[in-house]
Amino acid sequence: MENHEARLNLAFTALADPTRRAIVARLCRGDATVGELAEPFEIGLPTLLKHIRVLERGGLVSSEKAGRVRTCSLAPDALRRTDDWLRSHIATWESRLDRLQAHLARRKKDRTK
């Protein structure tokens, strides 16, 4: 469980930055070179590479270098783990809110009698 928590922490830390979220969103459409990923941003390649390293540490992205070209790919398992974690908490809160809504409806009905 501790290892799972550590992986989630790294993934959420990586996703906390809007530039990294944009990189992940771009990679959802398919693999891309570092140069292609850099196009929409006004940042230097060294800065972009730092963002990619954070995403790699978070398990969200993998990269492969062939010659001078580094190609990045999305690692869907890490996204699935973060999605599973979020969905479990959303389900819990939806259930609680449903119970609260039912309770308030009963109280309102009791008051109108």
Side-chain angles (χ1 to χ4, degrees):
M1 187 67 163
E2 199 171 300
N3 189 26
H4 179 70
E5 288 295 318
R7 287 190 313 223
L8 275 175
N9 289 344
L10 289 171
F12 282 119
T13 297
L15 292 171
D17 182 85
T19 300
R20 292 192 290 267
R21 287 193 307 272
I23 291 169
V24 168
R26 166 54 187 87
L27 291 174
C28 284
R29 297 192 321 259
D31 296 354
T33 66
V34 170
E36 292 169 335
L37 292 172
E39 286 175 7
F41 304 109
E42 294 182 12
I43 58 176
L45 283 179
T47 303
L48 185 77
L49 286 169
K50 286 181 184 179
H51 283 298
I52 290 170
R53 279 194 294 277
V54 171
L55 289 166
E56 287 177 325
R57 255 192 323 272
L60 299 163
V61 170
S62 63
S63 67
E64 188 175 292
K65 191 170 183 177
R68 297 182 66 190
V69 178
R70 180 171 296 280
T71 302
C72 298
S73 304
L74 195 61
D77 287 344
L79 280 178
R80 228 175 265 114
R81 283 191 301 271
T82 57
D83 182 55
D84 290 346
W85 186 88
L86 286 169
R87 286 180 189 274
S88 72
H89 290 281
I90 289 169
T92 298
W93 279 102
E94 284 178 343
S95 173
R96 288 177 181 173
L97 291 172
D98 288 345
R99 288 194 311 266
L100 175 61
Q101 184 178 17
H103 173 73
L104 293 174
R106 282 191 305 273
R107 288 196 57 170
K108 184 177 181 181
K109 184 178 176 184
D110 289 346
R111 280 191 208 146
T112 58
K113 286 183 177 179

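Pairs passing the salt bridge (Lys or Arg N to Asp or Glu O under 4.0 Å) check and including a residue from residues 20-42, sequence neighbours excluded, do not occur. Sorted by first and then second residue, the salt bridge (Lys or Arg N to Asp or Glu O under 4.0 Å) pairs involving residues 66-77 (not counting sequence neighbours) are Asp77-Arg80. Applying the ring-ring contact (aromatic ring centres under 6.0 Å, His included) test to pairs two or more places apart or on separate chains, none has a residue in residues 16-53.
Leu60 and Phe12 fall into different hydrophobic clusters, where Ile, Leu, Val, Met, Phe, Trp and Tyr are joined by side-chain heavy atoms under 4.5 Å apart, directly or via other members. If you chain together hydrophobic residues whose side chains sit under 4.5 Å apart, Ile52 and Leu79 fall into the same group. Hydrophobic clustering, with ILVMFWY side chains joined whenever heavy atoms are under 4.5 angstrom apart, keeps Leu74 apart from Trp85.
Contact between Ala14 and Leu55 at its shortest, heavy atoms only, is CB-CD2, 3.9 Å. Gly58 and Ala78 make their closest contact through O-CB, 4.1 Å (heavy atoms, listed as atom of the first residue, atom of the second, distance).
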Which atom pairs, one a donor and one an acceptor, fall under 3.5 Å between side chains of residues 93-108 and the rest of the protein, sequence neighbours left out?
from	atom 1	to	atom 2	distance (Å)
Ser95	OG	Arg99	NH1	2.9

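Counting only heavy atoms from C-beta outward, the side chains of Asp17 and Val54 never approach each other to under 4.5 Å. Looking at Ser73 and Leu27, their side chains never come closer than 4.5 Å, going by heavy atoms from C-beta outward.
With Thr13 contributing its side chain and Asn9 its backbone, the two residues share a donor-acceptor pair below 3.5 Å.
Annotation for Leu10: hydrophobic cluster partners, listed by chain and number, are none (ILVMFWY side-chain heavy atoms under 4.5 Å, direct or chained).
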What verdict does the side chain to side chain donor-acceptor pair (under 3.5 Å) test give for Ser63 and Glu56, after you've listed the backbone C-alpha separation in whole Å, the side-chain angles of each residue and the deciding distance to 0.1 Å? CA-CA 8 Å; Ser63 67; Glu56 287 177 325; 2.4 Å; yes
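Residue Thr47 holds its OG1 atom at 6.0 Å from NZ of Lys50, rounded to the nearest 0.5 Å. Between the CG atom in Asp84 and the NE2 atom in His89 there is a gap of 11.0 Å [rounded to 0.5 Å].
Under the side chain to side chain contact (heavy atoms under 4.5 Å, CB included) test applied with Leu37, the options Val61, Ile23, Thr19 reduce to a single match, Ile23.
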